[in-house]
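When a residue number appears, it is its place in the shown sequence, counting from 1. Both counts, for ligands and for their atoms, begin at 1 and track the order of listing.
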Amino acid sequence: MGKKELAALFSSNPDRYYKVSLFDNMGFMRKKCSMCEKFFWTLDSAKNFCPDHENYGFIGKPPTNKRLDYVDAWKETEKFFRVNDHEIVRRYPVVCRWREDLYFTIASIVDFQRIVGNQVVFELPANPLVVPQMCLRFNDIENVGLSGRHYTGFCMIGQTCNADAPGGYWKDKCIDLDFGMLTRGLGIKAEDITFVEDVWMGAGAFGYSLEYFVRGLELGNAVFTEFEGNENDYRVMPNKIIDMGAGLERFSWITMGTPTSYDCSFGPVVGKLVDMTGTDTDAEILTKYFESISLKLDDRTGRSSTNSIRDLKLLIAKEMKLSEKELSAFVAPYEAIYTVSDHIRTLVFAISDGALPSNVGGGYNLRMILRRALSILERLGWKNMVTVEDIAELHIDYLKQIYPELEDHREDVKTILKLEASRYSSSRERMNSVAMSLKSSKKAKELNVDDLIRLYESDGVTPDFLMEQGIIQNVPSTFYTKLAELHTSQVSSQASKPIPGLENLPPTRLLYYQDESIRHFHAKVLKVIQGKYVILDQTAFYPRGGGQEPDTGQIEDIKVVEVTKQADVVVHKIEGGGRIPAKDQTVHGIVNARRRDLITKHHTATHVLNSASRNTLGSWVWQNSAFKEEGYGRLDITHHSALTKEEVKKIERSANLVIRENYPVVIKTYDRGDAEQQFSFRIYQGGIVPTNNVRIVNINGWDIEACGGTHVKSTGEIGLVKIIKSERIQDGVVRLEFVAGEAAVSYMQLLDSQLASIAQTLGSSREKVIESFDKAMQDAEALKKKLRAMLRVVSVPIAKNISEQAKRLDSGIHLYTTYDEELDDDYHIAIGEKAIELDKHLVYLALVSKGQGIRVIVFAGEAASKRVKASAIAKQVSSKLGGSGGGDNRFGQGGGKSKDSIKEALLLAEEVAR
Ligand SMILES: [Zn+2]
Ligand SMILES: [Zn+2]
């Protein structure tokens, strides 16, 4: 049974599923749509089709006397539900840190969904509640700014409750409230409201729903999640969930009746951008155009519409008796303003919540929309009139009335936008050259969506840029959808190969959580698998996990070399000699104490460094991943650029201050919902926690994380942390490598002894080593100068001698060859040059031993070079030596590696010269 069958099933029993008390009390009639056969409820007896086929009858003539802009629409909603005993919950981050399968929060209900095992469970911080949840979606980008109602970021008003918990209610009260909100809150007449029957299917749960419409505009959808299981095998949930989601943008729009929902939802931003860019406005044309486009775009009239926006535009222009160009002159700048406003608003929320535009993961979509916005500003010649930071400021000024936290991130948002804008403008050079070659190759005409995606992925060339360059006429409607699809879902980490035979074993009691200081313990052997995997009833061995290396040690006299955890069972891998323990035997386990202590220090140091980095660099810093072992730790953080030396020093100083302050490290287990509410989603630095209880590691409020690793009792125990390297390992991620505790001391001692040995070689002391080094460098330089001077003096007699020694060949050439293992190429260049100056018939060939190879140097005097070129000799000799060479008539050089061929090479030279 699919969605359609399920809908039919529910609609076949409307009294059981859809009929709510409001319908009876108010006299709503149930009707079947004459066009699509959907069932709907209305007070209008003449109405015989559902709102899907209705014009937007509110543009220019809103069905209420109230005029609510975006902020006021929220205030009205908030007031209504507060009076009706709902708790108003602050929005959750748009970056979905609590679900591994999502980058972004895509609906209000996601706030309250947690994955436990393979199941979605609902956890509500209050009952009932309403949340103004910003949601990000990147699947409709091509319509954003053009359709009048599509967004990459929008506010979903989430009205949510657990029907079976105290304070909860079910569908009668839900629809009463929503009806009350529309009529009393927004001032809409009951006759204008239509409810449409629908179904909703989610992961592991489903239900039926009533969508509510006013004059053709869907305002919200009340989902009654009543069943768990799938459509073939289901039962009533013990805790039924009401999930009503309504678009705040639409609440505002229905009361304002503006040509697009953007005109009211962005507050004063659109008007200000119109002023700043000097855009012409013709209200009549704009209203007519956007009314038509929203009507025609998604087949609202029942006519088939496979048309692209461009085709629709042509159609509408015709209807309005305008040329495409005339229409475009008014519409295009508005589309640009709407698009850019949407994209920057989305970025304001995402960056505030700690996301960074990048080439990977969810950051991909953010960079894509930012580059699209920058392209548009450039294309319309606005980039000197308004910057993306300006637009972000306008949004924050307005939205802080609903979301005061945006003010705290104003500077962060501007910093990131500015940096990304400058990166974009420097990458335009490369984009320009790609564009040039496209133009000349005439491939441009054949560019399809896949080509455009490849151009964006490999060269960062956005289709908007290609449009700006006149290479393509319009962006194919599927481009952004396809691109977003490539980058939507997160890749789950690969699990290690499971060890068979652990089924039916009870969970291992984890002594390392009861008391982290246990190093000796007794336990009963439950099972031994393949003679090398031991399972105990309890253990103090910490298994590999969360980037922390496992403990080693002994069980009785056998070595434990690896410890892993599979589901709830800890597996000890044993190796080497000794008697393998038997089932039911009581054994003595000994954890390698020194190793554990060192790993624990490195582990706790990652917490300290993580917060030190965030405090030093900015709120976008999150732990990306971490690794800690005995002698070394590694922390990858999200950050936009490589770190400067100064930044590294600052982080190091800040971390060591926390160590010296000796803050207590307090570990406590919380109910997950409580921990999230109390400490925010910052706790999920090491990823999400798939259990109902979370172990919170709190370093005196300075760093608070959910963590299952091992920790020192107070920061002073770490002793010292030293960053030994920082490196930008991928776009948006910086790696810090560090040593802590004794490993830091060893590292410092190593540096110290290296320095001492350098000092000794220089005949200096450590204190004066820099001075001595500078002096040694100066001395070496002076010596070189002196040598060159001496060479000039002695080169004349040596050169004369060479000319005398040279073989007189029949060809008239005087050939001198030598193989030298002592003197270097500087010497032979000086001598060769002098020698051909004195003897114009001379060819001077020197093979100079250099490390593993041989350097070839050839000079040919003026007369000699008429017969044989220096370059030709260099080339042939080098090739004989297994290398290559070249040059000009007078001077040639080259080299090779085969020292065995020196004799042959010299003979070959003579042959060539003859
Ligand atoms: Zn219909
Ligand atoms: Zn930890």
Side-chain angles (χ1 to χ4, degrees), residues 4 7-8 11 30-42 44 47-55 194-199 210-213 215-218 295 298-304 510 512-513 516 542-551 596-612 622-629 633-637 655 658 663-670 675 679 682-689 694-700 702-715 717-718 721 738 740-741:
K4 224 174 165 180
S11 284
R30 185 170 190 256
K31 301 211 160 196
K32 189 177 187 174
C33 176
S34 60
M35 298 176 85
C36 70
E37 308 204 318
K38 262 192 198 170
F39 290 94
F40 62 98
W41 298 75
T42 175
D44 181 356
K47 199 168 190 167
N48 52 21
F49 51 84
C50 79
D52 271 352
H53 324 285
E54 211 175 315
N55 278 1
T194 310
F195 292 92
V196 178
E197 297 179 3
D198 204 354
V199 294
L210 284 167
E211 297 173 312
Y212 49 92
F213 289 75
R215 295 208 187 162
L217 181 67
E218 184 190 348
L295 176 70
D298 64 342
D299 183 23
R300 303 186 51 79
T301 56
R303 285 199 300 263
S304 95
L510 308 175
Y512 53 84
Y513 280 158
E516 280 195 20
Y542 183 84
R544 178 185 300 281
Q548 179 168 337
E549 289 289 284
D551 282 333
R596 163 73 80 79
D597 292 346
L598 284 168
I599 292 176
T600 298
K601 282 174 186 168
H602 280 101
H603 178 108
T604 316
T606 57
H607 287 246
V608 174
L609 277 173
N610 192 22
S611 279
W622 282 70
Q623 175 178 312
N624 190 63
S625 68
F627 174 80
K628 35 262 165 174
E629 50 131 290
R634 198 167 70 207
L635 170 67
D636 294 351
I637 54 170
V658 168
Y663 289 150
V665 179
V666 178
I667 299 173
K668 241 173 104 178
T669 302
Y670 289 78
F679 304 117
R682 283 263 176 228
I683 59 174
Y684 294 134
Q685 295 287 329
I688 52 120
V689 180
V694 288
R695 189 170 179 259
I696 296 292
V697 179
N698 186 341
I699 304 181
N700 205 34
W702 194 76
D703 180 89
I704 305 172
E705 295 180 24
C707 184
T710 61
H711 305 85
V712 298
K713 290 198 162 56
S714 61
T715 55
E717 288 177 44
I718 299 169
V721 59
F738 64 93

Strictly by modelled atom types, are T600 and T710 linked by a side-chain donor-acceptor pair under 3.5 Å?
yes

Given SG of C36 on one side and SG of C50 on the other, what angle do they make at the Zn ion (ligand 1), to 10°?
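About 110° at the Zn ion (ligand 1).
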
At the Zn ion (ligand 2), what is the angle formed between atom SG of C707 and atom NE2 of H603, rounded to the nearest 10°?
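Value, to the nearest 10 degrees: 100°.
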
Where the Zn ion (ligand 2) is the vertex, angle from H711 NE2 to H607 NE2 to 10°:
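That angle works out to 100° after rounding to 10°.
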
For residues F679 and Y670, establish whether the separation of their ring centroids is below 6.0 Å.
yes

For a side chain to side chain contact (heavy atoms under 4.5 Å, CB included) check, start with the C-alpha distance between R682 and W622, then their side-chain angles and the critical distance, and finish with the verdict.
CA-CA 8 Å; R682 283 263 176 228; W622 282 70; 2.9 Å; yes

Strictly distance-based, threshold 3.5 Å: is any side-chain N or O of Y663 a donor or acceptor partner for the main-chain N or O of N698?
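Pair absent, no side-chain N/O of Y663 close to backbone of N698.
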
